[in-house]
Asks: 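This is the structure, below, for whatever I ask next.
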Amino acid sequence: MSALTWLNTEAFTVFGQKVIWSDMIGNLMGLAALALGWRRSIWTWPAQLLSGLILIAAYASAHLAGGVGKQLLVIGVAVFGWISWQRGKQQAQDGSIAVRTATWTERGLLLGGAALGTLAVGGLFTLYPSLSWSPWADAYIFVGTIVAMVAQARGLVEFWFAWLLVDLVGVPLAFTGGLAFSGLVYVVYFALVVWGAYDWYQRSRTTPAPALEGAAA
């Protein structure tokens, strides 16, 4: 049995829902990545990258092409974030990455990018139904995840709120698509997001945070 085949086999059943290994391992890695992000540890990015690689198998098994595409972009943004945090000169006094709230211009760009991206991706999924059985929800999660990770890479507190909005749609879609473990982990994500948002916001008020090298202030 190949590693890919094993990843898509059943690990156990919970509440009548089958949980496959790729869904469980990938989401546990994603949970670890989110916790490391809360700690402002650069290891959040390799953890996110590994999570994306594993979850590709899970989404492919559920025939969620949007989810597969999302994870491919997650991997790309994880590489970008890893490089950005390594090169960043916005180190906090404790040696971790300093954080800040976004400017109104940045918030507008994030919201505008999310809206336009969702319309574009949702339109694509609608034109090609084979790509997703839930085109608009899938497009919303696809684009929202990328927006959240880009905001995280820039050290913006708003990234937590972007994750929260993604989770509100991601939970029911995961359960509907048969990815029960994803749905359960999203509940834990919610608690970490609330906690992380509060922590990052408090730190943004007490620690000066210059922009990343090559990024607009």
Asks: Other than Trp104, what residues sit in its cluster of Ile, Leu, Val, Met, Phe, Trp and Tyr side chains whose heavy atoms are under 4.5 Å apart, directly or through others?
Replies: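 Besides Trp104, the hydrophobic cluster comprises nothing; the residue is isolated.
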
Asks: At their closest point, which heavy atom of Pro46 faces which heavy atom of Trp82, and how far apart are they?
Replies: CB-CH2, 3.7 Å

Asks: Rounded to the nearest 0.5 Å, what's the gap from CG on Leu110 to CG on Leu156? Could you check?
Replies: 6.5 Å

Asks: Under a 4.5 Å side-chain heavy-atom rule over Ile, Leu, Val, Met, Phe, Trp and Tyr, are Val169 and Phe142 clustered together?
Replies: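 Looking at the clustering, Phe142 is in the same group as Val169.
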
Asks: Is there a side-chain contact between Arg100 and Val157, using heavy atoms and a 4.5 Å cut-off?
Replies: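 In short, these two side chains do not touch, never coming nearer than 4.5 Å.
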
Asks: Does Trp136 reach the side chain of Thr126, with side-chain heavy atoms less than 4.5 Å apart?
Replies: yes

Asks: Start with the C-alpha gap between Leu55 and Val74, add the side-chain angles, then the distance that decides, and say whether side-chain contact (heavy atoms from CB on, under 4.5 Å) holds.
Replies: CA-CA 10 Å; Leu55 283 175; Val74 162; over 6 Å; no

Asks: Please check if the side chain of Tyr140 supplies one atom and the backbone of Leu165 the other of a donor-acceptor pair under 3.5 Å.
Replies: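 Between the backbone of Leu165 and the side chain of Tyr140 there is a qualifying donor-acceptor contact (under 3.5 Å).
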
Asks: Using the side-chain contact (heavy atoms from CB on, under 4.5 Å) rule, take Thr145 and Gln71 through it: C-alpha gap first, then chi angles, then the decisive distance, then the call.
Replies: CA-CA 9 Å; Thr145 298; Gln71 294 306 323; over 6 Å; no

Asks: Determine whether Leu119 and Leu124 fall in the same hydrophobic cluster, where Ile, Leu, Val, Met, Phe, Trp and Tyr are linked whenever their side-chain heavy atoms lie under 4.5 Å apart.
Replies: no

Asks: For the pair Glu158 (side chain) and Ala102 (backbone), establish whether a donor and an acceptor sit closer than 3.5 Å, ignoring hydrogens and angles.
Replies: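 Flag set: sc Glu158 to bb Ala102 pair under 3.5 Å.
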
Asks: Quick one: which residue pairs count as a salt bridge (charged side-chain N to carboxylate O under 4.0 Å, His left out) with a foot in residues 190-199, not counting sequence neighbours?
Replies: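 Qualifying pairs, neighbours excluded: Asp199-Arg203.
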
Asks: If you compare all heavy atoms of Met149 against all heavy atoms of Trp163, which two are closest, and at what distance to 0.1 Å?
Replies: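 In this case the closest contact between Met149 and Trp163 is CG-CZ2, 4.2 Å.
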
Asks: Which atoms form the tightest heavy-atom contact between Pro129 and Leu127, and what is the distance?
Replies: CD-O, 3.3 Å

Asks: Are Val99 and Trp43 co-members of a hydrophobic cluster defined by side-chain heavy atoms under 4.5 Å apart?
Replies: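 In one cluster: yes.
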
Asks: Which residues pass the ring pair (Phe, Tyr, Trp, His ring centres under 6.0 Å) test with Trp200, sequence neighbours left out?
Replies: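 Trp200 satisfies ring pair (Phe, Tyr, Trp, His ring centres under 6.0 Å) with Phe159, Trp160 only.
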
Asks: Could you pull out all residues at least two apart from Trp21 that satisfy ring pair (Phe, Tyr, Trp, His ring centres under 6.0 Å)?
Replies: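 Listed in chain order: Trp6.
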
Asks: Restricting to ring pair (Phe, Tyr, Trp, His ring centres under 6.0 Å), what partner residues turn up for Trp38, sequence neighbours left out?
Replies: Trp195

Asks: Ignoring hydrogens, what is the shortest heavy-atom contact between Ala139 and Gly122? Give both atom names and the distance.
Replies: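 Scanning both residues, the minimum pair turns out to be CB-N, 3.3 Å.
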
Asks: Under the side-chain contact (heavy atoms from CB on, under 4.5 Å) rule, what do Val193 and Leu34 come out as? Steps first, then yes or no, please.
Replies: CA-CA 8 Å; Val193 164; Leu34 194 63; 4.1 Å; yes

Asks: I need the minimum non-hydrogen distance between Trp85 and Ser41, along with the two atoms involved.
Replies: CZ3-O, 3.6 Å

Asks: Applying a strict under-4.5 Å side-chain criterion to I, L, V, M, F, W and Y, I'd like to know whether Leu73 and Leu116 cluster together.
Replies: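 Each belongs to a different hydrophobic cluster.
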
Asks: State yes or no: do Leu111 and Val166 share one hydrophobic cluster built from I, L, V, M, F, W and Y residues joined by side-chain heavy-atom distances below 4.5 Å, directly or via other members?
Replies: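 In one cluster with Leu111: Val166, no.
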
Asks: Hey, what do you get for CG (Leu36) to CD1 (Ile42), rounding to the nearest 0.5 Å?
Replies: 11.5 Å

Asks: Checking Ser51 now: which residues fulfil side chain to side chain donor-acceptor pair (under 3.5 Å) with it, not counting sequence neighbours?
Replies: none

Asks: Locate the shortest heavy-atom distance separating Ser204 from Thr101; write the atom from each residue and the value.
Replies: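 Scanning both residues completely, I find the closest heavy atoms to be OG-CG2, 3.7 Å.
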
